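The shown structure was predicted, so the numbers you read here are calculated from the model rather than taken from an experiment.
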Amino acid sequence: VVSVGDDRIAVGAQSIGGGGGAGGINISGGISMDGQLVAGIGGFGGGGGFGMGVTADIDADVFASGVNSRGLLIQSVGGGGGAGGINISGGFTSDPSTTEPSLVFGLGGFGGAGNISGDVTVVQNGQVMVEGTNSTGILVQSVAGGGGAGALNVAANISLAGGESRTNGFAFAAGMGGNGGAGADAGDVDLTSNGDVLVNARLELDPVTGLNRFVAVDYAGGSMGVVAQSIGGGGGVGGINAVGAIAPSGQPVAVGVGGSGGAGGHGGDVTVVRGYQGGLGGVADPHLIRTFGDGSTGLLAQSVGGGGGAAQINMALALTNRTPSQNAAMAATVAIGGNGGDAGDGGIVEVTHAGNIFTTGSGADGLHAQSLGGGGGSSFLNLSLGLMRNANSVSFALGGRGGAAGIGQSVTVDHTGNIGTEGYNSSGIRAQSIGGGGGNASFDLAMGPLSRNNMNLVIGRLGGSGGDGGHVTVTADGAIETN
């Protein structure tokens with residue numbers, strides 16, 4: 001099978017779920033002489049579609065040439081969630097003498113959830129040869145959909161009502177940023193492969209020995225030999241929230257809740273068996289993996305948990321400007337920060353390989369197996385601020401917590417054969433299980449300057465816990481040389 005041209009695939013099989021649609025923008029507003037109630041909700045993002053299971057059995061020699069070319073691409077991809085819709089809500093009360101309250105509420109649209117990707121099972125026999133920058137010989141993936149972003153929310157209430165009475169001029173505004181959608185879990189990946197894999201290599205006669213040897217083609221780099229991956233979907237970021245209550249002669253109260261990040265999905269288990277007739281337990285039939293160019297790892301097997309979505313800015317703002325001769329009004333700001341999303345775990349990774357692997361280029365490992373837990377989402381900024389002149393005021397801020405990280409699961413490598421690498425930061429065998437880092441808690445601030453009497457209260461939250469790494473076992477029989 002031959003494919004020539006950029007961005008082309010010699011042999012491909014895919015199941016791809018569609019992405020969810022974005023929620024619609026909403027704008028709600030009211031202008032009145034008397035009291036009023038205004039409420040608005042942004043549209044919610046739609047969920048992504050399923051990536052179904054994919055099974056492929058290929059018995060053929062494959063050649064692909066071109067930038068971003070793929071000799072063999074087998075994958076299941078879950079659809080990402082749609083973004084939430086922006087919401088803007090506002091109210092204006094123009095009669096200074098009214099005794100009725102004014103209320104405004106807003107909610108940003110939530111991001112849609114990503115959907116799962118299916119299990120991917122591949123049996124491949126035959127030689128695979130590719131040429132071109134950012135090309136890949138064999139790429140087998142299960143990639144779950146990420147959650148959609150939560151939407152911006154703005155809620156503002158302006159009231160000119162007020163006066164000497166402490167019960168007049170009540171202006172209340174409340175709002176919440178949209179939460180990010182959850183990322184989905186990825187399926188398992190199982191690759192059984194037998195045959196030479198040659199990346200950006202061409203034969204040339206060695207003038208010294210008189211024998212043929214492999215040398216690099218003219219354009220090489222970012223091109224891997226064999227890649228097997230299961231990647232959980234990342235959580236969507238939470239939406240910014242801004243709430244303001246303005247009552248120059250009245251009593252403003254602003255309550256804001258930040259949008260939280262969505263949780264990340266788990267990576268599935270990854271199993272790679274190469275160089276054995278009939279798969280694991282069969283007779284050894286070693287073959288070669290040869291790559292040229294920077295960033296051109298020979299064999300990469302990894303499972304990655306999706307990162308948790310970050311929480312964004314939350315602000316609750318209030319303003320009143322009463323004179324010292326007026327009765328002290330009541331005013332308050334309350335800000336509750338959104339939380340960072342918890343991350344997904346990496347899955348179990350097992351590699352059984354018989355054959356030689358040689359790479360030339362920096363950042364080009366011979367064999368790289370890893371299980372990575374996702375990083376927890378961070379909470380960013382939470383502000384409860386009021387310019388509440390000559391009022392009895394309360395300013396309260398409760399911070400958003402950082403998301404917990406995912407764990408790395410066990411990694412097992414059983415390799416028979418020689419490995420040689422030439423280039424900076426190019427390991428022979430790199431086997432890792434790495435837990436993710438926990439998300440940061442928010443920075444919180446509560447202030448009410450110029451108040452007649454004021455109470456400020458700030459409660460911080462904990463950062464997210466880090467994830468554990470799993471057990472790593474490597475058995476190697478053969479020479480390993482790095483330069």
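Shown here for Gly374 and Ala343, the closest heavy-atom pair between the two residues is O-CB, 3.0 Å. Of all heavy-atom pairs spanning Gly399 and Ser442, the tightest one is CA-OG, 3.4 Å. Shown here for Asn153 and Gly175, the closest heavy-atom pair between the two residues is ND2-CA, 3.5 Å.
Atom CG of residue Asn68 and atom CG of residue Asn134 lie 5.0 Å apart, to the nearest 0.5 angstrom. Atoms CG and CD1, on Asn382 and Ile336 in that order, are 8.5 Å from each other to the nearest 0.5 Å.
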Side chain to side chain contact (heavy atoms under 4.5 Å, CB included) between Asn200 and Ser135, intermediate numbers included: CA-CA 8 Å; Asn200 288 323; Ser135 59; 4.2 Å; yes
Test log, rule side chain to side chain donor-acceptor pair (under 3.5 Å), inputs Arg8 and Ser3: CA-CA 7 Å; Arg8 294 194 178 186; Ser3 172; 5.5 Å; no
Verdict with reasoning, Leu73 to Gln75, per side chain to side chain contact (heavy atoms under 4.5 Å, CB included): CA-CA 6 Å; Leu73 173 63; Gln75 63 181 182; 3.9 Å; yes
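Atom CZ of Phe105 is surrounded by more than 12 heavy atoms from other residues, nucleotides or ligands within 6.0 Å.
Defined by atom type and a distance below 3.5 Å, a donor-acceptor pair is missing between the side-chain atoms of Asp294 and Ser296. A donor and an acceptor atom, one from each side chain of Ser76 and Ser117, are nowhere located under 3.5 Å apart. Under 3.5 Å, the side chains of Asp59 and Asn125 contain no donor-acceptor pair of N or O atoms. At a cut-off of 3.5 Å, with distance as the only test, no side-chain donor of Arg274 or Thr192 sits close to an acceptor on the other residue. Looking at His266 and Asp185, their side chains never bring a donor and an acceptor atom within 3.5 Å of each other. Donor-acceptor pairing under 3.5 Å is lacking for the side chains of Gln409 and Ser371. In this model, no donor atom of one side chain and acceptor atom of the other lie less than 3.5 Å apart for Asp190 and Thr121.
Remark: side-chain polar atoms of Thr412 are not paired, donor with acceptor, to backbone N or O of Thr473 under 3.5 angstrom.
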Indicate every side-chain donor-acceptor pair of residues 474-483 with a distance under 3.5 Å to a residue at least two apart or in another chain.
none

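Applying side-chain hydrogen bond (donor to acceptor under 3.5 Å, both in side chains) to Ser384 and the options Thr333, Asp444, Asn314 leaves one that passes, Thr333. For the side-chain contact (heavy atoms from CB on, under 4.5 Å) criterion with Asn356, the lone passing option out of Leu288, Thr416, Asp196 is Leu288.
Between Arg401 and Asp342 there is a salt bridge, since a side-chain N of the basic residue sits under 4.0 Å from a carboxylate O of the acidic one.
Scanning for side chain to side chain contact (heavy atoms under 4.5 Å, CB included) contacts around Ile434 gives Leu372, Gln432, with sequence neighbours left out.
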